[in-house]
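Since this is a predicted model, take the numbers as computed values, not measurements.
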Amino acid sequence: MSIKSFAAKIFAKRIVQKTKIWASNPIETQQRVFDDLIRQAKNTQFGKDHHFDAIKTFQDFSKNVPIRDYEALKTYVDRVVQGEENVLWKGKPLYFAKTSGTTSGAKYIPLTKESMPVHIEAARNAILHYIHETGKADFVNGKMIFLQGSPILEEKNGIKLGRLSGIVAHFVPKYLQKNRMPTLATNCIEDWETKVDAIVEETFHQDMTVISGIPSWVQMYFEKLEQKAQKPVGELFKNFNLFIYGGVNYEPYRAKFENLIGRKVPSIELFPASEGFFAYQDSQNEKGMLLLLKSGIFYEFLKSEEFYSENPKRHTIGEVELYVNYVLIISTNAGLWGYNIGDTVQFTSLKPYRVIVSGRIKHYISAFGEHVIGKEVETALQEATKNTAIRVNEFTVAPQITPKNGLPFHEWFIEFDPDGSGEPDDLILFAKAIDDSMRKQNSYYNDLIVGNVLQKAIITKVAKNGFQEYMKSIGKLGGQNKIPRLSNDRKIADLLKRE
């Protein structure tokens, strides 16, 4: 055992002990976070506008601070972007994480000196929990890679801005610098395909032990490695023993990854976003990720079914229930208040509080009142491919409201593994397996099928690299960009049909 791996085990034990203290006192921990946030922001412009000096309880807060998304908070953010101080949080942010917006164009999410360390510590602590639970630490001696955005930062009114993953790249601890891949020059390449090709060349002969990134883009890296090596990734990197991912559910990719790697590799799931680092997988034996209750973030939860009602009830951590679909609302030490990040979660455990990401509140299908969410379509595909040789590269689902013939239906756009053995022998039978799972999970959908309002799901095959071409066509190839699992319209569907 090396000195580095021995030290990692000692450090891991200490961090796990600290985590248990706040995880076993969730309500008190969140109350302290709430009180601290209000105290520190009461003299900001937002604090004055919303009477923070009079807020003593969560009930006061919910009366004074409405739920907002980025568009509703934009007037405040614009003032911060223009260089004004003490608007949403004391002083100025350290950075802006620049993300793709919708109606407002680019979004600028502030990162402060209080919030920035959480992004680094949470990712580190996820690995330390894995080390403590499994006793495996040798991987710290090998090379590690995170497929991320460019670390080149712009500047706006004295504040640096860039992609979150690019900003985080500047905070890699010194003890990991020698192990880190790829080189800075390669990491700065903007074009994603060119960048991945360069990463393949740099890492091909290295002892890669940890690989991290969004599964869809790591898959592209693995495919290029396999093509170059003419053997599975796991044979090329014999000591590759940990995959770290976030951003999307890994399960739809798992079979494909195991095929590319040639063996099973342990994994750690993270739940990071520009707005905050919310959870990480703290155990290989428990379902869900540990919700980070002592990280400068105060959480609220709205039941998804009530979200669009006039006055949905705002639940705090002590009021949540298992396996209910909640919209995640946050208030943070970066100056986001009653902020809807758009993600939905379900609790898998209340002691401690663990969550899974169930989808996006704006990514759903309810063209006929079926209320289908991301978790349901992912589970359906997972069940349909279980114990089969079928390999799915990517997929999305959209409603077909006005078909040329027959009843409306849900259209599944699926890119199967280009290797013929990865495709179903009978596409209709495969579609039935998907549909059966959907009907079992979602009673609204089942009622529509039984009532002859909808016909059963239909699969449209997408050509090899079809999803990559789609993402390239809209300028979102690579980085932290992800294919929506489902849509309530045909915007993505129509572009895929055109590919």
Side-chain angles (χ1 to χ4, degrees), residues 15 18-19 22 29-47 52 61 65 68-70 73-74 76-81 83-99 107-126 148-149 151 153 155-173 246-247 270-280 289-300 317 328-343 480:
I15 292 299
K18 285 186 175 182
T19 301
W22 62 255
T29 297
Q30 275 285 274
Q31 184 64 50
R32 284 194 292 270
V33 169
F34 175 81
D35 292 341
D36 188 56
L37 290 174
I38 298 301
R39 178 182 59 79
Q40 295 204 59
K42 67 180 180 181
N43 292 322
T44 63
Q45 189 59 56
F46 188 93
F52 275 24
F61 179 81
V65 181
R68 287 180 168 95
D69 58 12
Y70 185 84
L73 198 66
K74 189 173 183 296
Y76 286 99
V77 176
D78 285 347
R79 292 170 63 176
V80 182
V81 173
E84 190 174 338
E85 296 186 7
N86 303 313
V87 178
L88 288 165
W89 190 253
K90 56 188 182 182
K92 286 186 179 183
L94 291 180
Y95 300 93
F96 289 117
K98 186 178 180 181
T99 68
K107 294 164 62 175
Y108 296 91
I109 307 298
L111 298 166
T112 64
K113 66 178 182 180
E114 290 83 9
S115 72
M116 193 65 226
V118 174
H119 290 273
I120 313 306
E121 291 171 5
R124 179 203 69 188
N125 291 352
Q148 58 191 178
L153 304 179
E155 192 167 298
K156 202 172 186 71
N157 295 318
I159 301 173
K160 293 181 179 180
L161 63 96
R163 296 286 183 182
L164 174 66
S165 61
I167 293 170
V168 169
H170 291 272
F171 289 83
V172 175
L270 310 178
F271 185 9
S274 299
E275 296 85 352
F277 203 123
F278 308 121
Y280 58 71
M289 296 172 283
L290 183 70
L291 188 64
L292 303 182
L293 302 176
K294 193 186 177 184
S295 297
I297 301 171
F298 179 75
Y299 299 96
E300 299 176 57
I317 193 67
L328 184 62
I329 307 297
I330 59 170
S331 297
T332 78
N333 56 8
L336 302 177
W337 301 101
Y339 189 88
N340 172 23
I341 66 168
D343 286 321
Q480 303 303 104

>> Measuring only between side-chain heavy atoms, which start at C-beta, is Val168 closer than 4.5 Å to Arg163?
In response: no

> Measuring from Asn125:CG to Ile15:CD1, what's the distance to the nearest 0.5 Å?
Replying inline: 5.0 Å

> Among Arg79, Gln45, Lys92, whose side chain to side chain donor-acceptor pair (under 3.5 Å) with Glu84 holds?
Replying inline: Arg79

> His170 versus Leu153: any side-chain heavy-atom pair under 4.5 Å?
Replying inline: yes

>> Please determine whether side chain to side chain contact (heavy atoms under 4.5 Å, CB included) holds for the pair Ile167 and Leu111, giving the CA-CA distance in whole Å, both sets of side-chain angles, and the decisive distance to 0.1 Å.
In response: CA-CA 10 Å; Ile167 293 170; Leu111 298 166; 3.8 Å; yes

> Residues in ring-ring contact (aromatic ring centres under 6.0 Å, His included) with Tyr339, at least two apart?
Replying inline: none

> Do Phe46 and Phe52 have side-chain heavy atoms sitting under 4.5 Å apart?
Replying inline: yes

> Between CZ of Phe171 and CD of Glu121, what distance do you get to the nearest 0.5 Å?
Replying inline: 11.5 Å

>> When you measure from the side chain of Ser331 to the backbone of Gly338, do you find a donor-acceptor pair of N or O atoms at a distance under 3.5 Å?
In response: yes

>> What's the separation between atom NE2 in His119 and atom OG in Ser165, rounded to the nearest 0.5 Å?
In response: 11.5 Å

> How far apart are the closest heavy atoms of Thr332 and Glu275, and which atoms are they?
Replying inline: CG2-O, 4.1 Å

> Are any of the side-chain nitrogens in Asp36 or Arg39 under 4.0 Å away from the carboxylate oxygens of its partner?
Replying inline: yes

> CD1/Ile329 to CG/Asn340 distance, rounded to the nearest 0.5 angstrom?
Replying inline: 4.0 Å

> What residues, two or more places apart in sequence or in another chain, satisfy side-chain contact (heavy atoms from CB on, under 4.5 Å) together with Val33?
Replying inline: Gln30, Leu37, Phe298

> Heavy-atom distance under 4.5 Å between the side chains of Leu328 and Glu300, does that happen here?
Replying inline: no

>> Please enumerate all residues that pass ring-ring contact (aromatic ring centres under 6.0 Å, His included) together with Phe278, with sequence neighbours excluded.
In response: Phe271

>> Could you go through Ile159 and Leu94, starting from their C-alpha distance and side-chain angles, then the distance that decides it, and tell me whether this counts as side chain to side chain contact (heavy atoms under 4.5 Å, CB included)?
In response: CA-CA 6 Å; Ile159 301 173; Leu94 291 180; over 6 Å; no

> Can you name the side-chain contact (heavy atoms from CB on, under 4.5 Å) partners of Ala122, sequence neighbours left out?
Replying inline: Phe277, Tyr280, Leu292

>> Quick check: closest heavy atoms across Ile330 and Ile341, and the distance to 0.1 Å?
In response: CD1-CG2, 3.6 Å

> Is any side-chain heavy atom of Thr29 less than 4.5 Å from a side-chain heavy atom of Leu293?
Replying inline: yes

>> I'd like to check Tyr299 versus Leu291 (side-chain heavy atoms, cut-off strictly below 4.5 Å). Are they in contact?
In response: yes

> Can you list the residues that meet the ring-ring contact (aromatic ring centres under 6.0 Å, His included) rule with Phe61, with sequence neighbours excluded?
Replying inline: Phe34

> Heavy-atom distance under 4.5 Å between the side chains of Leu164 and Tyr95, does that happen here?
Replying inline: no

>> Could you go through Tyr70 and Ile109, starting from their C-alpha distance and side-chain angles, then the distance that decides it, and tell me whether this counts as side chain to side chain contact (heavy atoms under 4.5 Å, CB included)?
In response: CA-CA 9 Å; Tyr70 185 84; Ile109 307 298; 3.9 Å; yes

>> Side chains of Leu88 and Thr44, heavy atoms from C-beta outward: is any pair under 4.5 Å?
In response: no

> Considering residues at least two apart in sequence or located in another chain, which fulfil the side-chain contact (heavy atoms from CB on, under 4.5 Å) criterion with Lys90?
Replying inline: Gln40, Asn86, Glu114

